[in-house]
Novice: 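The structure follows.
Residue numbers start at 1 and run along the sequence shown.
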Amino acid sequence: MTAPAAARDAGLSPALRARLAKLGIASRFDLALHLPLRYEDETRLTPLAEAREGEPVLVEATVVSSEVKYRPRRTLVVRLEEAGTELWLRFLNFYPSQLKQMAPGRRLRLFGEIRPGFFGAEMVHPRVRVVEPGTPLPTSLTPVYPTTAGLSQATLRALIHSALDELLLDDTLEPERLAALGLPAFRESVLALHRPPPDVDAASLAERTHPAWQRVKFDELLAQQCAMRIAYAERRGKAAPRLPSRHTLTNALVKSLPFSLTGAQRAAWATIAQDLAQPHPMRRLLQGDVGSGKTLVAALAALQAVENDWQSALMAPTEILAEQHYLKLSHWLAPLGVRVAWVSGGLKARDRKKALDSIASGHTQLAIGTHALFQEGVAFSRLGLAIVDEQHRFGVAQRLALASKGQEPHQLMMSATPIPRTLSMSYYADLDVSVIDALPPGRTPVLTKLVDDERRDEVVLRVREACRDGAQAYWVCPLIEEREARPGEPENALQLKTALETYETMRATFPDLAVGLVHGRMKPGEKAGVMEAFKAKRLQLLVATTVIEVGVDVPNASLMVIEHAERMGLSQLHQLRGRVGRGTRESLAILLYHRPLSEMARARLKIIYETTDGFEIAREDLALRGPGEYLGARQSGAPLLRFADLERDEALIHAARQAATDLIAAGSPAVERHLDRWLGSRRFFLKA
């Protein structure tokens, strides 16, 4: 049933439908799965004389008087009494009907917190219900739901409880499987979460460890796992160009390098080479820590495609990263006779047309660029391999658009942000994963220091000493230019040191050093010129925004200063830190922070200070931020987990993976029913 149809059947107004849509509710089943945030206990009355201050409590009392007072502001004040104990109510916002509801002599049932007031014990804006003596109490706890402006708890409760009474909520799984997993029935679980009995274990509800929560989380994970497995199987059934290893260009590249591949690189490359030789499309995620050598493995994959007379494309999220790839790969591959083209939005019309014509004719064997690669007007003659670097920064539609440039090209996705194991098991279950888990020999460990901004003079001195010793340094700033705060933006955003200001300050501070500036708003040619000057050691100090986060490789740079480190995420700090330590010099990353620090900022800085392992940092980052923020654009439009927790529910993920495998292998009709119930049409996004 569509959302409008479901809403019309329920007799809902367009305004109410719109408010429900804000909560992601489009059907009666969505209502059933709109689970409570917490509960209030209205199942037991507390005598007014025994009610304790500061605790939510349900009491009954009789109205003695009610009046509207106008000082200091218009307020409805109600005095009640029960067995000689007095209670005052205050309402700062009220309707005339409420004044009638609380007429003297009325019996009221009130839920709220009692606190000391001007006249004595009082409740401010309690929940009020007019009752007769002996009116029965509810038999279950009162749920409190996530809601939105204009949608009251009472309305939401009524809609949800009506849906629960109408829906079948039958099981998609057979009783034997549920018994083996120790899970209760689905309907029983959903009702237990909406209408828990008074004697329920409150802690297990709050911590989501109650059996009912376990069942709902398992079902959610099972739907995700089934969708991923089916998508994986469908891809294996599609035809892709076979690109077997011919060992001509790939061997030539390996022999031309002044270093040897690490064992981890060789293992990853062997797996990818085997995938490319298959007649179905490769979908492989190549992940490795900063500086582990993923680009070289990607170059070998591109060469295997070229050896088989197919084209490759490499897409990167930023101009600087894409250009770094172009320069490095051209340096490696051009001597082998491979024709490499560069495509970006900043190209002049004539140069762009020349590059696109070369790609369309098949003359270009490897095209490198930003998102400009998948825009309209870019056509490949024989695209056999699409490589996406920093793949989590691209949306689903963008990756599909690049892949659509070929009939069914192989895809290699790379990420220098390691994927935590639990995240890989759930959101990347449809991909094959290779890990480069060792750094090349000779990489020096980077020492990290946390420094209060009040000690800035010491940092400046350290920069001067490093540059005078022949090293180079980065000074990273989070903003380009001063501006007025946007609505809702904290005022202290204006206190951030900007790159332009810092650049001028550094030039004045170090008149004897060559200082450069690079930021995202520069023209591509300007950025390339500055980066080339820095790499050629014509600049000693480079002031930059976070555009240098990925892809920049300057071996002589051994010092990095990061301004306002407390405002950056863990993965970003780790990526920035990875720009140094690429040569033989001892390297240092100084994280300048400003007080006061939030608890989250303090936790991030502690982790980055204590840990250099990218996989451990990724795990901590996931625990701090959750999967929605961690995944970024990768799952744009795809259903994130609403109930399961990737850290706490690892055992459920394993159980759901096994159940999905078993059900699909058995051809169980439960799979389609389960997917329709939980994902509907959103399954499409899990196939990207």
Novice: Side chain of S245, backbone of H247: donor and acceptor closer than 3.5 Å?
Specialist: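 Answer holds: no.
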Novice: Would you call E532-K537 a salt bridge at under 4.0 Å N-O?
Specialist: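 Not counted as a salt bridge, because no side-chain N and carboxylate O are separated by less than 4.0 Å.
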Novice: Is there a donor-acceptor pair under 3.5 Å between the side chain of Q411 and the backbone N or O of R284?
Specialist: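 Not a single qualifying donor-acceptor pair exists.
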Novice: CG/L366 to OG1/T364 distance, rounded to the nearest 0.5 angstrom?
Specialist: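 The CG atom of L366 sits 8.5 Å away from the OG1 atom of T364.
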Novice: Do Q265 side-chain atoms and T262 backbone N/O form a donor-acceptor pair below 3.5 Å?
Specialist: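 Looks like yes, one N/O pair under 3.5 Å.
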Novice: Around E586, counting heavy atoms of other residues, nucleotides and ligands shown, do more than 12 lie under 6.0 Å from its CD?
Specialist: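 At most 12 heavy atoms, drawn from other residues, nucleotides or ligands, come within 6.0 Å of this atom.
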Novice: Without hydrogens or angle criteria, can the side chains of T661 and R229 be said to hold a donor-acceptor pair below 3.5 Å?
Specialist: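 Yes, because at least one side-chain N or O of T661 sits under 3.5 Å from a partner of the opposite role on R229.
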Novice: I'd like to know if the side chain of Q472 reaches the main chain of L539, judged simply by a donor and an acceptor atom lying under 3.5 Å from each other, with no hydrogens or angles considered.
Specialist: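 Indeed, once roles are kept as given, a pair shorter than 3.5 Å links the two residues.
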Novice: Quick check: do C226 and H674 have side-chain heavy atoms less than 4.5 Å from each other?
Specialist: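 Not touching, per the 4.5 Å side-chain cut-off.
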Novice: Quick one: does H280's side chain get under 4.5 Å of R236's, heavy atoms only?
Specialist: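 H280 reaches R236 side chain to side chain.
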Novice: Per the salt bridge (Lys or Arg N to Asp or Glu O under 4.0 Å) rule, what does the pair list look like for residues 649-667, sequence neighbours excluded?
Specialist: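 Sorted pair list: R177-D662, K217-D649, R421-E650.
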Novice: If you define the side chain from C-beta out and look only at heavy atoms, does anything of I436 sit under 4.5 Å from Q287?
Specialist: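 I436 does not reach Q287 side chain to side chain.
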Novice: Which atoms form the tightest heavy-atom contact between D351 and L347, and what is the distance?
Specialist: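 Of all heavy-atom pairs spanning D351 and L347, the closest is CB-CD2, 4.3 Å.
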Novice: Nearest 0.5 Å, please: how far is CG in L222 from CD1 in I653?
Specialist: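 Reported value, rounded in 0.5 Å steps: 12.5 Å.
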Novice: Do L542 and V530 have side chains that get closer than 4.5 Å, going by heavy atoms?
Specialist: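 Counting from C-beta outward, L542 and V530 do come under 4.5 Å.
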Novice: When you compare the side chain of V518 with that of M531, does any pair of heavy atoms fall below 4.5 Å?
Specialist: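 Yes, side chains in contact.
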Novice: Short question: side chain of S558, backbone of S587 - any donor-acceptor pair under 3.5 Å?
Specialist: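 Such a contact is absent between S558 side chain and S587 backbone.
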Novice: Is there a donor-acceptor pair under 3.5 Å between the side chain of T611 and the backbone N or O of I608?
Specialist: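 The answer is no, because no donor-acceptor pair under 3.5 Å joins these two groups.
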Novice: For Y474, which residues count as a ring-ring contact (aromatic ring centres under 6.0 Å, His included) partner, sequence neighbours excluded?
Specialist: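 Residues passing ring-ring contact (aromatic ring centres under 6.0 Å, His included) with Y474: F534.
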Novice: For P244, does its backbone N or O pair with a side-chain atom of N308 as donor and acceptor, under 3.5 Å?
Specialist: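 Flag set: sc N308 to bb P244 pair under 3.5 Å.
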Novice: Measuring from atom CG of L383 to atom CD of E408, what distance do you get when rounded to the nearest 0.5 angstrom?
Specialist: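 Result: 10.5 Å between the selected atoms.
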Novice: Drop me the distance from I617's CD1 to R604's CZ, to the nearest 0.5 angstrom.
Specialist: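 It is 13.0 Å, given to the nearest 0.5 Å.
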Novice: NE2 of H325 to CD1 of I368: how many Å apart, nearest 0.5 Å?
Specialist: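 The distance works out to 8.0 Å.
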Novice: Taking distance alone, no hydrogens or angles, what donor-acceptor pairs closer than 3.5 Å link side-chain atoms of residues 330-343 to residues at least two apart or in another chain?
Specialist:
{"residue": "S330", "atom": "OG", "partner": "Y326", "partner atom": "O", "Å": "2.7"}
{"residue": "R339", "atom": "NE", "partner": "H363", "partner atom": "O", "Å": "2.5"}
{"residue": "R339", "atom": "NE", "partner": "H363", "partner atom": "ND1", "Å": "3.4"}
{"residue": "R339", "atom": "NH2", "partner": "H363", "partner atom": "O", "Å": "3.2"}

Novice: Mind running side-chain contact (heavy atoms from CB on, under 4.5 Å) on V435 and L286 for me, showing each step along the way?
Specialist: CA-CA 6 Å; V435 179; L286 175 63; over 6 Å; no
Novice: Any non-hydrogen side-chain atom of L243 less than 4.5 Å from a side-chain atom of W310?
Specialist: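 Heavy-atom side-chain distance check passes, below 4.5 Å.
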Novice: Let me see the working for H410 and D275 under side-chain hydrogen bond (donor to acceptor under 3.5 Å, both in side chains), right down to the final yes or no.
Specialist: CA-CA 9 Å; H410 299 279; D275 281 357; over 6 Å; no
Novice: Determine the minimum heavy-atom distance between S434 and A268, stating which atoms define it.
Specialist: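 Smallest interatomic distance, heavy atoms only, reads CB-CB, 4.3 Å.
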Novice: Report the C-alpha separation of T545 and H519 in whole Å, then their side-chain angles, then the decisive distance to 0.1 Å, and conclude whether the side-chain hydrogen bond (donor to acceptor under 3.5 Å, both in side chains) test is met.
Specialist: CA-CA 5 Å; T545 59; H519 59 72; 6.0 Å; no
Novice: More than 12 heavy atoms of other residues, nucleotides or ligands under 6.0 Å from CD of Q274: yes or no?
Specialist: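 Check fails, neighbour count at 12 or below.
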Novice: Taking M282's backbone N and O only, do any of them form a donor-acceptor pair with R235's side chain (distance below 3.5 Å, no angle check)?
Specialist: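 Not confirmed, R235 side chain does not pair with M282 backbone.
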Novice: Are P317 and T370 close enough that some pair of their side-chain heavy atoms sits under 4.5 Å apart?
Specialist: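 SC-SC contact between P317 and T370 ruled out.
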Novice: Could you tell me whether the side chain of Q365 and the main chain of V306 form a donor-acceptor pair under 3.5 Å?
Specialist: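 Not at all, since once roles are kept as given, no pair shorter than 3.5 Å links the two residues.
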Novice: Stepwise, does the side-chain contact (heavy atoms from CB on, under 4.5 Å) test hold for L253 with N251?
Specialist: CA-CA 5 Å; L253 173 60; N251 283 0; over 6 Å; no
Novice: Could you tell me if the side chain of L261 sits less than 4.5 Å from the side chain of L300, heavy atoms only?
Specialist: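 L300 reaches L261 side chain to side chain.
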Novice: Treating Q225 as the side-chain partner and A656 as the backbone partner, does any N or O pair qualify as donor plus acceptor under 3.5 Å?
Specialist: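 No: the side chain of Q225 does not pair with the backbone of A656.
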Novice: If you measure from CG on L276 to CD on Q304, what distance do you get to the nearest 0.5 Å?
Specialist: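 Nearest 0.5 Å value for the CG-CD distance: 5.0 Å.
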